[in-house]
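First the structure, in the form of structure tokens, and then the observations on it.
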Amino acid sequence: MSQFQLHDSQRRATVPFEPLDPGHVRVYYCGPTVYDVPHIGNLRAMLTADLLIRLLRRLYPRVTFVRNITDVDDKITARAKANGEDIGHLTERTTAEFHAGLAAMNMIRPDIEPRATHNIGEMQAMIDRLIRQGHAYVAEGHVLFSVTSFASYGALSGRDPDELVAGARVEVAPYKRDPGDFVLWKPSTPEQPGWVSPWGRGRPGWHIECSAMAHRYLGESFDIHGGGTDLLFPHHENERAQSLCCFPNGKFANYWLHNAMLLVEGEKMSKSLGNFHTLSDVLKRVPAEVLRLQLMSAHYRSLLNFTWTGLNESRKTLDRFYRALQAAKFSGPPNRPPPAIFLESLCDDLNTPQAIAEMHKMATKALTGDIEAAEDLMAAGNMIGLLHTPVQSWFKTLVSGSNDLPEVEIEALIAERLTARKAKDFARADEIRKTLAEEGIILEDGPTGTTWRRA
RNA sequence: GGUCCGGUGGCAGAAUGGUGAUGCAGCGGACUGCAAAUCCGCGUACGUGGGUUCGAUUCCCGCCCGGACCUCCA
């Protein structure tokens, strides 16, 4: 097995991965803020985490994957108010949709999925400790972290704290000692969610929750912390500052993993541009496996441009893979590990495009009847969450539902066409082919008879 | 303005200091009543100007272009 290496944002280099404890690898990922249904942009970080965990589980005996749910946030409060919906109802509903979406995408679930609201005590304990250690101060009902109290502030994101002030686009609150100081705890109005605290009834700032939950479930030092590049600053920088100041003997995250963003038709996805796609929008048009493959078709640190034509290519790729399994007459569960060359691709900083290229090479062999290659293909696909659909049903899967032609009618037309062909009535045979084609059914005449699939 | 990342064939997308992945699309052929699928074969690239080197798409510098982040967007 080749050495697993990954790109560490803090070191700004791709380096060999050395676990703090080879007997137990520990990973923390920033999870969703549950105020809306999941969209395809959310999925990229989720998929990167999924692939990372799948690979780590193959390399190490024990892996603990923690991913939080942020269920207290001003966006949530605002959305609940706009919807006329109870906050608890909103967060429960969107959490359930998030879980359902990830399950549809065949993503492995975290071992621990803590909720921010269940960890307020842990956050308060950290804040209290930061105040006592001189890293935080109380001002006008807020508790603020003092960035000047932490010498290496900015080291993770590669920023000079002095330069942050110049470009700041948000007005600096007057009670801050330094413009870079950020909120650990803030006062709540009676309508806002709040918890009693030594600093008055209030709610936590955004960053402290991840520090608190990571500490509670993974300790002062753990292996990998991940999320989207948009979180690098300020979120992760602040998490790191809080945690290292609170627990100076720990190292917090040993490796930082950041995935690039997703574009839609070359532009940032946004509601105002009309290119905003929720997960369920996409799953109405293609099987989840197709979207999963497309999200893996670019390296996780590269921008991924989501397009419908790109999705269609991923669909064709999966058709090819399933055909390869079919051609080799192999469809059982894999009883072997994926080929070494495939694992080596993944071990090279999760190089999924290369891993998929290797799958294509396996498929090419399998298509000529190489059953060994088909088994390799299946094992490789399953490892990254693909090719779980029974081969026979892949080509007949309904996506859009509703008024698709029932299978019995398809079979009846095929039988009629067979009769026509035997009678050399090719006009009628072609007419039936055309009729079915208009319904999105493609017929394939083979040596053993006619099969059909949905286009 | 600051920091960082990237510019590869028609498209998507990797690797790599010297034989130029992989897929889609395209072209030619085989197979087929016609198709589909499959098989065989073919073509096309390294933003730009310098530098280092026997040799650069790969390393270094400038320029152009694109993108991300710059206090609560995954």
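Convention: sequence-line order gives letters A, B, ...; per-chain numbering from 1. Atom set for the values below is all heavy atoms of this structure, side chains included, hydrogens, waters and symmetry mates excluded.
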For this session: Using a 4.0 Å heavy-atom cut-off across all strands, classify A:L232 as base, sugar-phosphate, or nothing.
Result: nothing
Exercise. If we take the P atom in both B:G17 and B:U58, what is their distance in whole Å?
Worked result: 11 Å
For this session: Pick the P atom in B:G49 and in B:G41, then give their distance to the nearest Å.
Result: 37 Å
For this session: Output the single nucleotide from B:A74, B:C34, B:A68 whose closest atom is nearest the side chain of A:L231.
Result: B:A74
Exercise. Going by heavy atoms closer than 4.0 Å, what residues in residues 291-306 of chain A are next to RNA chain B?
Worked result: A:S297, A:A298, A:H299, A:S302, A:L303
Exercise. Do NZ/NE/NH1/NH2 and the carboxylate oxygens of A:D445 and A:R421 come within less than 4.0 Å?
Worked result: yes
Exercise. Which listed nucleotide (B:A74, B:G23, B:A36) is nearest to the side chain of A:L262?
Worked result: B:A74
Exercise. For residues A:E237 and A:S157, is any side-chain donor paired with an opposing acceptor at under 3.5 Å?
Worked result: yes
Exercise. Closest to the A:M261 side chain: B:C72, B:A74, B:C24?
Worked result: B:A74
For this session: Select one nucleotide: of B:C11, B:G2, B:A21, the one nearest the side-chain heavy atoms of A:R159.
Result: B:G2
For this session: Could you tell me which residues satisfy ring pair (Phe, Tyr, Trp, His ring centres under 6.0 Å) with A:H299, sequence neighbours excluded, listed by chain and number?
Result: none
Exercise. Do A:Y28 and A:F65 make the cut of ring centroids closer than 6.0 angstrom?
Worked result: no
Seminar exercise, completed: Using Watson-Crick geometry (N1-N3 plus N6-O4 or O6-N4) or G-U wobble (N1-O2, O6-N3), each under 3.5 Å, B:U52 is paired with none
For this session: Round to the nearest Å and state the distance from A:H236 atom NE2 to B:C73 atom P.
Result: 13 Å
For this session: Taking only the side-chain heavy atoms of A:D445 (C-beta and beyond), determine which of B:A74, B:A35, B:C72 contains the nearest atom.
Result: B:A35
Exercise. Which is true for A:K424 with a 4.0 Å heavy-atom rule: it touches a base, it touches only sugar-phosphate, or it touches nothing?
Worked result: nothing
Exercise. With a non-hydrogen cut-off below 4.0 angstrom, is A:I356 in contact with a base, only sugar-phosphate, or nothing?
Worked result: nothing
Exercise. Counting side-chain heavy atoms from CB outward, which of B:C24, B:A36, B:G33 is closest to A:I442?
Worked result: B:A36
Exercise. Between atom CD in A:E431 and atom C1' in B:C34, what is the gap in whole Å?
Worked result: 14 Å
Exercise. Between the side chains of A:H135 and A:S149, does any donor sit under 3.5 Å from an acceptor?
Worked result: yes
For this session: Using a 4.0 Å heavy-atom cut-off across all strands, classify A:K434 as base, sugar-phosphate, or nothing.
Result: nothing
Problem set entry | A:K176, nearest nucleotide to its side chain (from B:U71, B:C73, B:G23) | B:U71
Problem set entry | Residue A:E444, side-chain heavy atoms: nucleotide from B:A25, B:A74, B:A37 that is nearest | B:A37
Problem set entry | Polar pair under 3.5 Å, donor/acceptor by atom type, side chain A:R428, base B:G33 | no
Seminar exercise, completed: Rounded to whole Å, NE2 of A:H225 lies from P of B:A74 at a distance of 14 Å
For this session: Using a strict cut-off of less than 4.0 Å between a Lys/Arg side-chain nitrogen and an Asp/Glu carboxylate oxygen, indicate whether A:K434 and A:E431 qualify as a salt bridge.
Result: no
Exercise. When the distance from CD of A:Q242 to C1' of B:U71 is rounded to whole Å, what number comes out?
Worked result: 13 Å
Exercise. Which whole number of Å gives the distance between the P atom of B:U32 and that of B:C27?
Worked result: 22 Å
Problem set entry | Atom pair distance, as rounded to whole Å: CE in A:M362 and P in B:A21 | 19 Å
Problem set entry | B:C65 and B:G28, which share atom name C1', separated by this distance in whole Å | 39 Å
Seminar exercise, completed: Testing B:A74, B:G33, B:A25 for proximity to the side chain of A:T33, the answer is B:A74
Exercise. Given the P atoms of B:A15 and B:C5, what is the spacing between them in whole Å?
Worked result: 16 Å
Problem set entry | Residue met sooner reading RNA chain B from 5', once A:A427 and A:P353 are mapped to nucleotides | A:P353
Exercise. Under 4.0 angstrom, heavy atoms only, what part of the nucleic acid is A:R203 near: base, sugar-phosphate, or nothing?
Worked result: nothing
Exercise. How is A:G310 classified with respect to the nucleic acid when contacts are heavy atoms under 4.0 Å: base, sugar-phosphate, or nothing?
Worked result: nothing
Seminar exercise, completed: Regarding the side chain of A:H360, the nearest nucleotide among B:A74, B:G23, B:C34 is B:G23
Exercise. To the nearest Å, how far apart are A:L436 CG and B:A35 C1'?
Worked result: 13 Å
Exercise. For A:I341, does the CD1 atom have more than 12 heavy-atom neighbours from other residues, nucleotides or ligands under 6.0 Å away?
Worked result: no
Seminar exercise, completed: Across every strand shown, the nucleotide meeting Watson-Crick or G-U wobble geometry with B:C4 (both distances under 3.5 Å) is B:G67
For this session: Would you state whether a donor and an acceptor, one from the side chain of A:R421 and one from the base of B:G33, lie under 3.5 Å apart?
Result: yes
Problem set entry | A:P234 or A:P32, whichever maps to the more 5' nucleotide of RNA chain B | A:P234
Seminar exercise, completed: Between CG of A:D348 and P of B:U22 the distance, given in whole Å, is 18 Å
Problem set entry | Rounded distance in Å between the C1' positions of B:G7 and B:A45 | 12 Å
Problem set entry | G-U wobble or Watson-Crick pairing nucleotide for B:G26 (cut-off 3.5 Å, both distances) | B:C42
Exercise. Side chain of A:R433, base of B:A35: donor and acceptor closer than 3.5 Å?
Worked result: yes
For this session: Under the ring pair (Phe, Tyr, Trp, His ring centres under 6.0 Å) rule, what do A:Y137 and A:F145 come out as? Steps first, then yes or no, please.
Result: CA-CA 7 Å; A:Y137 57 93; A:F145 182 88; 9.3 Å; no
Problem set entry | Phosphate contact (B:G23 OP1 or OP2) by A:K316 side-chain N/O below 4.0 Å | no
For this session: Provide the distance between the two C1' atoms, one in B:U38 and one in B:U53, to the nearest whole Å.
Result: 47 Å
Exercise. Ion pair present between A:D36 and A:K75, side-chain N to carboxylate O less than 4.0 angstrom?
Worked result: no
For this session: Show your working on salt bridge (Lys or Arg N to Asp or Glu O under 4.0 Å) between A:R428 and A:D425 and close with a plain yes or no.
Result: CA-CA 6 Å; A:R428 177 58 187 153; A:D425 181 2; over 6 Å; no
Exercise. Taking atom C1' of B:G23 as reference, at what distance in whole Å does atom CD of A:E313 sit?
Worked result: 7 Å
Exercise. Considering all heavy atoms of both residues, which atom of A:L283 and which atom of A:A104 are nearest to each other, and what is their separation?
Worked result: CD1-CB, 4.0 Å
Exercise. How far does the C1' atom of B:G66 sit from the matching atom of B:C60, given to the nearest Å?
Worked result: 23 Å
For this session: Check every strand shown and say whether A:N351 touches a base, only sugar-phosphate, or nothing at a heavy-atom separation below 4.0 Å.
Result: sugar-phosphate
